[in-house]
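Written out below as structure tokens is the structure these notes cover.
Nothing here was measured: the structure is a model prediction, and the numbers come from that model.
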Amino acid sequence: MSEHDGRQALDGEGASAASTNEEAETLDVPVAALRPALEAVLMVADQPLDHVTLAGAVGYPPEQVREALAGLAEEYAQQGRGFDLRNVAGGWRFYTREEYAAVVERFVLDGQQARLTQAALETLAVVAYKQPVSRARVSAVRGVNVDGVIRTLVARGLVEEAGQDSETTATLYRTTSYFLERIGVQSLEDLPELAPYLPEMGDLDDMGDLESHTA
């Protein structure tokens with residue numbers, strides 16, 4: 001075999017290997033039907049995804065994914081779905097169709113106006129009378145974990161972050177002006193006398209120290 005022939009053979013093997021590697025990159029996950037796979041990924045995405053990222057997720061070539069995305073977008077528009085698939089700011093994502101914005105708005109507002117649970121009311125009372133206060137301190141008063149309830153109160157605009165504890169660096173929480181508006185008072189000084197029935201923070205510290213010594 002001449003040097004030229006040998007070089008051609010090596011080039012051929014290199015091209016074959018490159019082709020194999022490229023195929024492996026696009027098929028490194030079990031291949032599902034392309035369009036349903038794209039829908040599944042987009043359904044859980046919390047930000048727009050470009051077609052290259054989506055191609056890596058579903059195991060198809062980027063160009064084929066781009067065509068499938070455009071096809072899905074057109075299909076949704078033709079069917080009059082309540083949502084669109086749009087390519088915005090370089091990424092694809094599901095969006096509510098404009099003509100159904102009023103329905104979504106009413107649903108969201110109804111949720112914001114829903115009554116608080118007993119757990120949320122109790123947690124809100126502790127924050128109101130002991131603020132600024134950490135979640136751990138509120139949990140100590142109520143005797144249960146309040147992380148989820150605090151998140152709900154923050155989302156409802158009734159509680160907000162108020163810096164960090166200088167000793168523990170824990171996040172502190174306080175009530176908002178919206179809270180005062182909702183209960184119909186001008187300031188926290190107008191709250192009814194309930195604080196005497198709640199344990200003092202010093203008492204909670206003593207309880208914590210006692211538990212640590214007896215553990």
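- E167 is linked by a salt bridge (charged side-chain N to carboxylate O under 4.0 Å, His left out) to nothing, counting only residues two or more places apart in sequence or in another chain.
- Counting heavy atoms from C-beta on, the side chains of L191 and I183 come closer than 4.5 Å.
- Nearest heavy atom pair, residue P132 against residue A162, reads CB-CB, 4.3 Å.
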I'd like a table of donor-acceptor pairs (distance under 3.5 Å, sequence neighbours excluded) in which one partner is a side-chain atom from residues 84-95, with atom names and distances.
| residue | atom | partner | partner atom | Å |
| --- | --- | --- | --- | --- |
| R86 | NH2 | T96 | O | 3.1 |
| N87 | OD1 | G91 | N | 3.3 |
| R93 | NH2 | D46 | O | 3.2 |

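- Side-chain N or O atoms of R97 include one that pairs as donor or acceptor with a backbone N or O of R81 at under 3.5 Å.
- In this view, E67 satisfies the salt bridge (charged side-chain N to carboxylate O under 4.0 Å, His left out) rule with no residue, not counting sequence neighbours.
- Interatomic distance, CZ of R182 versus OG1 of T176, reported as 10.5 Å (0.5 Å rounding).
- Separation of atoms CZ (R137) and OG1 (T168) is listed at 7.0 Å; rounding is to 0.5 Å.
- Under the rule for a side-chain contact (heavy atoms from CB on, under 4.5 Å), the partners of V41 that lie at least two apart in sequence or sit in another chain are L49, L54, A57, V58.
- Using a 4.5 Å cut-off on side-chain heavy atoms (C-beta onward), E160 and Y173 make no contact.
- Rounding to the nearest 0.5 Å places CD of Q47 at 9.0 Å from OG1 of T53.
- Following chains of ILVMFWY side-chain contacts shorter than 4.5 Å, one cannot reach V138 starting from L172, and the two form parts of different hydrophobic clusters.
- Atom CD of E74 sits in a sparse spot, with 12 or fewer heavy atoms from other residues, nucleotides or ligands closer than 6.0 Å.
- In this structure, Y100 has no ring pair (Phe, Tyr, Trp, His ring centres under 6.0 Å) partners at least two apart in sequence or on a different chain.
- Of all non-hydrogen atoms in R156 and Y178, the two that sit nearest each other are O-CE2, 3.5 Å.
- The distance from atom CE of M43 to atom CG of L38, rounded to the nearest 0.5 Å, is 12.0 Å.
- Residue L72 comes nearest to R35 through the heavy atom pair CD2-CD, 3.7 Å, listed as atom of the first residue, atom of the second, then distance.
- In this structure, CD on E63 lies 4.0 Å from CZ on R66, to the nearest 0.5 angstrom.
- V127 has its side chain within reach of I150: a pair of non-hydrogen atoms, C-beta onward, lies under 4.5 Å apart.
- Atom CD of Q186 has 12 or fewer heavy atoms from other residues, nucleotides or ligands within 6.0 Å.
- E122 places no side-chain N or O within 3.5 Å of a backbone atom of A119 that could act as its donor or acceptor partner.
- Scanning for side-chain contact (heavy atoms from CB on, under 4.5 Å) contacts around L124 gives L116, L153, L158, V159, T175, F179, with sequence neighbours left out.
- Heavy-atom contacts from other residues, nucleotides or ligands closer than 6.0 Å to CD of E99 number more than 12.
- No path of Ile, Leu, Val, Met, Phe, Trp and Tyr side chains, each step under 4.5 Å between heavy atoms, connects V52 with L69, placing them in separate hydrophobic clusters.
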